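One structure below.
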Amino acid sequence: MSETFGERVYWLVAQIPFGQVASYGQLALLAGSPGASRAVGNLMRNSLGRAVAWHRVINSRGGISSKGDFERAELQRMLLEGEGVEFNRRGLCSLERFGWNPEAFSWES
DNA sequence: GGTCTGACTAGGT
DNA sequence: AACCTAGCCAGAC
């Protein structure tokens with residue numbers, strides 16, 4: 001495959017259904033680079049201008065990871081709540097309930 | 001083309 | 001449950 005890791009991640013993010021969330025590590029795994037979770041985070045941070053549902057990407061505990069940018073974090077949570085995702089009092093949502101379980105797919109197709 | 005940077009994570013205190 | 005640490009890796013510079 002000639003496409004970059006980043007391009008595959010963006011494609012994956014576009015597949016996350018309304019009202020569901022995926023973790024950085026999960027996307028890294030699906031994109032073919034298990035362990036590249038931090039790289040996924042950097043992609044979301046460096047490409048906020050893109051028309052992608054970046055707000056559906058959260059950390060492995062079900063929380064929002066944009067420390068240092070509270071406005072963005074609050075926006076992300078607001079967008080998710082607008083899609084029906086519920087957060088507990090500690091700012092975590094249930095991956096069991098809202099986590100994305102993608103159909104099996106291949107990069108060939 | 002070498003370094004630096006983290007919207008990460010699992011594991012241990 | 002909150003906090004720390006050491007690996008991790010693609011992309012930015």
Side-chain angles (χ1 to χ4, degrees):
Chain A
M1 51 185 103
S2 57
E3 54 197 344
T4 67
F5 171 78
E7 291 172 323
R8 293 198 293 276
V9 170
Y10 286 123
W11 181 84
L12 286 167
V13 171
Q15 311 310 305
I16 306 173
F18 182 96
Q20 293 191 265
V21 296
S23 75
Y24 301 94
Q26 177 182 12
L27 294 178
L29 179 67
L30 292 172
S33 291
S37 48
R38 302 188 78 165
V40 172
N42 283 336
L43 283 172
M44 296 301 104
R45 180 173 55 78
N46 297 324
S47 320
L48 290 177
R50 291 207 183 203
V52 296
W54 55 270
H55 61 279
R56 299 188 187 140
V57 185
I58 62 178
N59 65 36
S60 64
R61 299 173 346 220
I64 290 171
S65 297
S66 44
K67 301 172 179 169
D69 193 337
F70 294 97
E71 286 191 16
R72 201 92 57 184
E74 189 146 344
L75 170 61
Q76 180 169 8
R77 174 167 176 164
M78 190 182 68
L79 288 170
L80 288 175
E81 291 181 324
E83 297 190 2
V85 177
E86 300 167 19
F87 289 85
N88 64 24
R89 84 193 111 184
R90 249 175 282 140
L92 302 179
C93 69
S94 168
L95 291 176
E96 188 64 32
R97 294 174 56 193
F98 306 107
W100 178 40
N101 301 310
E103 304 289 326
F105 62 86
S106 147
W107 287 112
E108 303 287 334
S109 112

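Being a predicted model, the structure only gives us computed values, none of them experimental. Every chain is numbered from 1 and lettered A, B, ... according to where its sequence line falls, protein lines coming before strand lines.
- With hydrogens and angles disregarded, no donor-acceptor distance shorter than 3.5 Å links the side chain of A/Glu86 to the backbone of A/Phe98.
- Applying the side-chain contact (heavy atoms from CB on, under 4.5 Å) rule to A/Glu74 yields no partners; only residues at least two apart in sequence or on another chain are considered.
- Not one N or O on the side chain of A/Glu83 forms a donor-acceptor pair closer than 3.5 Å with the backbone of A/Phe18.
- Taking only side-chain nitrogens and oxygens, A/Ser60 never comes nearer than 4.0 Å to OP1 or OP2 of B/dC8.
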Which donor-acceptor pairs under 3.5 Å do side chains of residues 30-42 of chain A form with protein atoms, sequence neighbours excluded?
from    : atom 1 : to      : atom 2 : distance (Å)
A/Asn42 : OD1    : A/Arg45 : NH2    : 3.1

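- A donor-acceptor pair is defined here as one N or O able to donate and one able to accept, closer than 3.5 Å; no such pair exists between the side chain of A/Glu3 and the backbone of A/Arg8.
- With rounding to whole Å, A/Leu27 atom CG is found 10 Å from B/dT9 atom P.
- Between the CG atom of A/Asn59 and the P atom of B/dA7 there is a distance of 12 Å, given to the nearest Å.
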Give every pair of a protein N or O atom and an N or O atom of nucleotides 1-3 of chain C that lie under 3.5 Å apart, one pair per line with the distance.
from  : atom 1 : to      : atom 2 : distance (Å)
C/dA1 : OP2    : A/Arg90 : NH1    : 2.7
C/dA1 : OP2    : A/Arg90 : NH2    : 2.8

Check your understanding: Nucleotide by nucleotide, 5' to 3', does protein get under 4.0 Å of the base (B), only the sugar-phosphate (S), or neither (-) in nucleotides 8-13 of chain C, counting heavy atoms?
Key -> BBBSS-
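- Residues A/Ala73 and A/Ile64 share a closest heavy-atom pair of O-CD1, 3.8 Å.
- With side-chain heavy atoms closer than 4.5 Å counting as contact, directly or through intermediates, A/Leu92 stands alone and belongs to no larger hydrophobic cluster.
- Residues forming a side-chain contact (heavy atoms from CB on, under 4.5 Å) with A/Ser65 (at least two apart in sequence, or on another chain): A/Tyr24, A/Asn59.
- One atom, CZ of A/Arg45, and another, P of B/dA7, lie 6 Å apart when rounded to the nearest Å.
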